[in-house]
Amino acid sequence: MGKPLRWPLGCDPNELTGQTVLGVRRRGKYMLLDLGSGGLLLLHLGMSGSIQFGQTLPPPGVHDHVDLNTSQGTLRLHDPRRFGALVFAPSEASAIAQKLLGKLGVEPLGADFNVADFAQGLKSRKAAIKQVLLSGVPVVGVGNIYACEALFWAGIHPTVSAAGLAPKRVAKLHTAIRDVLTRALGHGGSTLRNFSNAQGQNGHFQLQTMVYGRAAEPCRNCGTAIASIRQGQRSTFFCPHCQKP
DNA sequence: CACGGATCCTGATGGC
DNA sequence: TGCCATCAGGATCCGT
């Protein structure tokens, strides 16, 4: 099928034949399929990827790159931009698995994401808090939309240094990250254009963002025009009045 | 170790 | 209508 993704699979596809998928986990934005051999498949959707699962799927299109056929149905990986990846790792301890997963921060909705460790993790980061949130360390899972939204709810200006945040503000940000992600999950996730879940349904969190994608529109809290800047080649949206340096 | 910039790729969009 | 520039949900790599 389609063109290669971000990285090669890392094994002969025939080696996957007959393997059992014991279960599916997630780490950061990687999906992990545990195989009976002890190996695992790491699946990442990048920016434009999506998966589809079904008994009978339509013939693959140009951007359908992988069909993983199982006794339960076919898992299809669709990714126009090909920033995504499907990588085989012989074990979780293998070099490739460690390279991709080894340095990831804690899960934002897990018990390990506590204020004390979060504050400690930010202390060594002089960079802008927005960029630190995107970096996957000390916490994973916070993408561009949620970084912008969480900073709004915490009242924190995106350009301030992570290391310089007062403890009280770190605590507020910690709460905001969990709240924003929890709410977004409740709404089925975000979408700009063509995000969809494995059943083809769209998320609709974008319809209620406070700042993301709202440049020049009035802040839903104070009416001030939402500002848009670029940080590390990414767009940042914030309210100049509600978010303090 | 940490930072900032470049980079991978295609599609949608808007200006001329 | 066509052409071109810009921008997009991510994260790695490399030079400093």
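In what follows, chains carry the letters A, B, and so on, assigned in the order in which the sequence lines appear, proteins first and then strands, with residues in each chain numbered from 1.
Per the geometry, CG belonging to Leu133(A) stands 16 Å off C1' belonging to dC3(B), to the nearest Å. When the C1' atom of dA11(C) is taken as reference, atom CD of Gln233(A) falls 12 Å away, rounded to whole Å. Atom-to-atom, CG of Asn144(A) to P of dA11(C) comes out at 11 Å; the value is rounded to the nearest Å. Residue Leu42(A) contributes atom CG, which lies 15 Å from atom C1' of dT12(C) at whole-angstrom precision. In this entry the distance linking CG of Leu77(A) with P of dT10(B) reads 15 Å, nearest Å. Here the P atom of nucleotide dG5(B) and the CZ atom of Arg230(A) are 12 Å apart, to the nearest Å. Between Phe237(A) atom CZ and dG9(C) atom P there is a gap of 8 Å when expressed in whole angstrom units. Taking atom NE2 on His78(A) and atom C1' on dG9(C), their separation rounds to 14 Å, with Å as the unit.
At the phosphate of dA2(B), OP1 or OP2 sits under 4.0 Å from a side-chain N or O atom of Ser124(A). Side-chain N/O atoms of Lys126(A) include none lying less than 4.0 angstrom from OP1 or OP2 on dG4(B). Between Arg6(A) and dA11(C), a side-chain N or O to OP1/OP2 separation shorter than 4.0 Å is absent. The side chain of Tyr30(A) places an N or O atom within less than 4.0 Å of a non-bridging phosphate oxygen (OP1 or OP2) of dT12(C). Taking only side-chain nitrogens and oxygens, Tyr146(A) never comes nearer than 4.0 Å to OP1 or OP2 of dG9(C). OP1 or OP2 of dG10(C) has at least one side-chain nitrogen or oxygen of Lys29(A) nearer than 4.0 Å.
Of all nucleotides listed (dC7(C), dG9(C), dA11(C)), dG9(C) comes nearest to the side chain of Met47(A). For Arg82(A), the side-chain atoms get nearest to dT10(B) when compared with the rest of dC3(B), dC8(B), dT10(B). Distances from the side chain of His44(A) to the nucleotides dC13(C), dA2(B), dG10(C) place dG10(C) closest. Taking only side-chain atoms of His63(A), from C-beta outward, the nucleotide of dG10(C), dA8(C), dT10(B) with the closest atom is dT10(B). The listed nucleotides are dC3(B), dC13(C), dG9(C); the one nearest the side chain of Arg234(A) is dG9(C). Considering only side-chain atoms of Phe83(A), the nucleotide from dC3(B), dC7(C), dC9(B) that sits closest is dC9(B).
dA2(B) is paired with dT16(C) under the Watson-Crick or G-U wobble criterion, all donor-acceptor distances under 3.5 Å.
Using atom P as the reference point in both dC9(B) and dC14(C), the two lie 16 Å apart (nearest Å). Comparing dG9(C) with dC3(B), their C1' atoms are spaced 24 Å from each other, to the whole Å.
If you check distances only, the side chain of Arg81(A) does reach the base of dC9(B) with a donor-acceptor pair under 3.5 Å.
Proximity of a side-chain donor or acceptor of Arg234(A) to a complementary backbone N or O of Lys130(A) within less than 3.5 Å is not detected. Judged purely by atom type and a 3.5 angstrom limit, His65(A) uses its side chain to pair as donor or acceptor with the backbone of Asp79(A). A donor-acceptor pair under 3.5 Å links the side-chain atoms of Arg178(A) to the main chain of Gly110(A), judged by distance alone. Under the 3.5 Å distance criterion, the side-chain polar atoms of Arg169(A) are matched with a main-chain donor or acceptor of Gly155(A).
Here Lys99(A) lies in heavy-atom contact (under 4.0 Å) with sugar-phosphate atoms only. If you check every strand for non-hydrogen atoms under 4.0 Å, Gly232(A) touches nothing.
Judged by the 6.0 Å and 45° rule, Arg27(A) forms no cation-pi pair with Tyr30(A).
Ring geometry, Phe113(A) versus Phe118(A): the interplanar angle exceeds 60°, so the pair is classed perpendicular (tilted spans 30 to 60°).
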